Amino acid sequence: MLTGQRTWTFANKPVIISTGTVGGPFEAEGNIAEDFDLLHPDLYMEQDSFEKAHKVLLEKAAQQAIDKAGITKDQIQFFLAGDLINQITPTSFSAKTLGTPYLGLFGACSTSMAGLALSAFLVNASGANYVLTGASSHNAAVEKQFRYPTEYGGQKPPTAQWTVTGAGTALLSNSGQGPVVTSATIGKVIDMGLNDPFNMGGAMAPAAVDTIEAHLNDLNLEPSHYDLIITGDLGNIGRQISLDLFKKNGTNIHDENYVDCGLTIYSKDQHVNAGASGAGCSAVVTYGHFLNRMNRGELNRILVVATGALLSPLTTQQKESIPCIAHAVAIESGGETTK
């Protein structure tokens, strides 16, 4: 199953049999509102704190995936998920509600594909029949922790990105109908010495390039093998830096086939500076928008590369640089798979 240095190939092709995507009021005004299963009209979501609302996001996304698959939560063997809040407490509290064996993950905004890669590994190796994975973020909760409370109204520089309020989940099985996971490349930590918490895209771009090139080299593929190579949340700044690095390295990635979840979810009229970010960003855009396009026959093969900045409020206050990582997962359109 290990191919090259860092890539798993999944001969049994685990199936994404259902997904669940939930967003907030700002996401309802964006480019892909129709790709969400559920949109909340307010950030509190009938809770008394933003952190409790964050928990609700993931709980409802998980339930959407379970309901669409036509199974019960008792049939799920493992739940792999994470978020950005201290000690991933919204996810852990959601796991308490779900009541399923749970592996909490922290990869910052790379968590969605870390979870999908590990879930596919489990299913491919007959370690489970049903695995639920996901990632989430809440704008007001995350901004309060990493930068300033939104109520403060602090001015942000053009390099800053807008944290998505959303949760995306995927339910994987060893049989069923839906897109299949064919391979995954695990990233390594790349730190280029940047320490500006308002420029996540610039910090994460080298990690995205490193993982994409490792994936292509391990599998001896050209970028054109994929209809789209999709990064998680590089935004305008990070996307351009990564394109410059690809050109410098001689990797022939065409601009029109290289897209970013952080530049997909919102419209230009929403004024989100460099784009969107957050652990929920790549989760909702991939499990909603891009898999919907795949199910409609518009895409056959995609490589999703979720990027994460592994900083914390403490390391920022201590003026540390920002280590970053990216994980890549290849997804192909599938039919009925029977094991």
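Position 1 is the first residue of the sequence; numbering continues from there. These numbers come from a predicted model, not from an experiment.
- For the residue pair Ser321 and Asp191, a side-chain donor N or O sits within less than 3.5 Å of a side-chain acceptor on the partner.
- Between the side chain of Gln161 and the main chain of Ala276, a donor-acceptor pair closer than 3.5 Å is present.
- Atom CG of Asp42 sits in a crowded spot, with more than 12 heavy atoms from other residues, nucleotides or ligands closer than 6.0 Å.
- A donor-acceptor pair under 3.5 Å is formed between the side chain of His327 and the backbone N or O of Gly187.
- Put simply, CG on Leu311 and CD on Gln317 are 10.5 Å apart, with the number rounded to the nearest 0.5 Å.
- Ile237 and Ile212 fall within a single hydrophobic cluster, where Ile, Leu, Val, Met, Phe, Trp and Tyr are joined by side-chain heavy atoms under 4.5 Å apart, directly or via other members.
- When the shell of 6.0 Å around OH of Tyr102 is examined, it contains more than 12 heavy atoms from other residues, nucleotides or ligands.
- With 3.5 Å as the limit, one finds no donor-acceptor pair spanning the side chains of Ser110 and Thr307.
- In summary, of the residues considered (Thr231, Asp255, Asp244), a side chain to side chain donor-acceptor pair (under 3.5 Å) with Arg239 occurs for Asp255 alone.
- Of all non-hydrogen atoms in Val284 and Val22, the two that sit nearest each other are CG1-O, 4.0 Å.
- Side-chain polar atoms of His54 and Ser136 form a donor-acceptor pair below 3.5 angstrom.
- Nearest heavy-atom pair across Met294 and Ile331 is CE-O, 3.6 Å.
- Side-chain atoms of Thr111 come within 3.5 Å of backbone atoms of Ala108 as a donor-acceptor pair (strictly under, hydrogens ignored).
- Across Val164 and Ser137, no two heavy atoms sit closer than the pair O-OG, 2.7 Å.
- Summarising the local packing, NZ of Lys247 is surrounded by 12 or fewer heavy atoms from other residues, nucleotides or ligands at distances under 6.0 Å.
- Under a 3.5 Å cut-off, the side chain of Thr211 and the backbone N or O of Ala326 do form a donor-acceptor pair.
- No hydrogens or angles considered: a donor-acceptor pair under 3.5 Å links the side chains of Glu27 and Tyr266.
- Judged by distance alone, with hydrogens and angles left aside, the side-chain atoms of Asn273 form no donor-acceptor pair with the main-chain N or O of Pro158 at under 3.5 Å.
- Remark: the Thr163 side chain and the Asn139 side chain contain no N/O donor-acceptor pair separated by less than 3.5 Å.
- Judged purely by atom type and a 3.5 angstrom limit, Glu59 has no side-chain atom pairing as donor or acceptor with the backbone of Ser94.
- Scanning all heavy atoms of the two residues, the minimum distance from Leu245 to Pro206 falls at CD1-CA, 4.0 Å.
- The neighbour count for Gln5 CD, taken as heavy atoms of other residues, nucleotides or ligands under 6.0 Å away, does not exceed 12.
- Under a 3.5 Å cut-off, the side chain of Arg301 and the backbone N or O of Ser333 do not form any donor-acceptor pair.
- By the 6.0 Å contact criterion, CD on Glu34 is enclosed, its count of non-hydrogen atoms from other residues, nucleotides or ligands being greater than 12.
- Ser112 and Ser282 share a side-chain donor-acceptor pair at under 3.5 Å.
- For the residue pair Asn217 and Glu213, no side-chain donor N or O sits within less than 3.5 Å of a side-chain acceptor on the partner.
- Side chain of Asn300 to backbone of Glu332: no donor-acceptor contact under 3.5 angstrom is found.
- Of all heavy-atom pairs spanning Ala205 and Ile241, the tightest one is CB-CG2, 3.7 Å.
- Note that OG1 of Thr185 is 5.0 Å distant from NE2 of His215, once rounded to the nearest 0.5 Å.
- Judged by distance alone, the side chains of Thr7 and Asp218 do bring a donor and an acceptor atom under 3.5 Å apart.
- Linking ILVMFWY side-chain heavy atoms closer than 4.5 Å, directly or via other members, places Tyr258 and Met204 in a single hydrophobic cluster.
- The local environment of CD in Glu256 is crowded, with over 12 non-hydrogen atoms from other residues, nucleotides or ligands closer than 6.0 Å.
- Atom OG1 in Thr182 sits 8.0 Å away from atom CG in Leu219 (nearest 0.5 Å).
- Remark: side-chain polar atoms of Gln270 are paired, donor with acceptor, to backbone N or O of Ser267 under 3.5 angstrom.
- Under the 4.0 Å criterion applied to side-chain N and carboxylate O atoms, Asp48 and Lys52 are assigned as salt-bridge partners.
- Salt bridge annotation for Glu51-Lys55: absent, with no cationic side-chain nitrogen under 4.0 angstrom from a carboxylate oxygen.
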Please walk me through it: do Tyr44 and His138 pass ring-ring contact (aromatic ring centres under 6.0 Å, His included)?
-> CA-CA 10 Å; Tyr44 278 102; His138 188 292; 8.0 Å; no
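- Asp37 has no carboxylate O lying under 4.0 Å from a charged side-chain N of Lys60, or vice versa, which leaves the two without a salt bridge.
- Here the side chain of Asn295 pairs a donor or acceptor atom with the backbone of Leu291 at under 3.5 angstrom.
- Between Gly288 and Thr21, the shortest heavy-atom distance links the atoms N-CG2, 3.6 Å.
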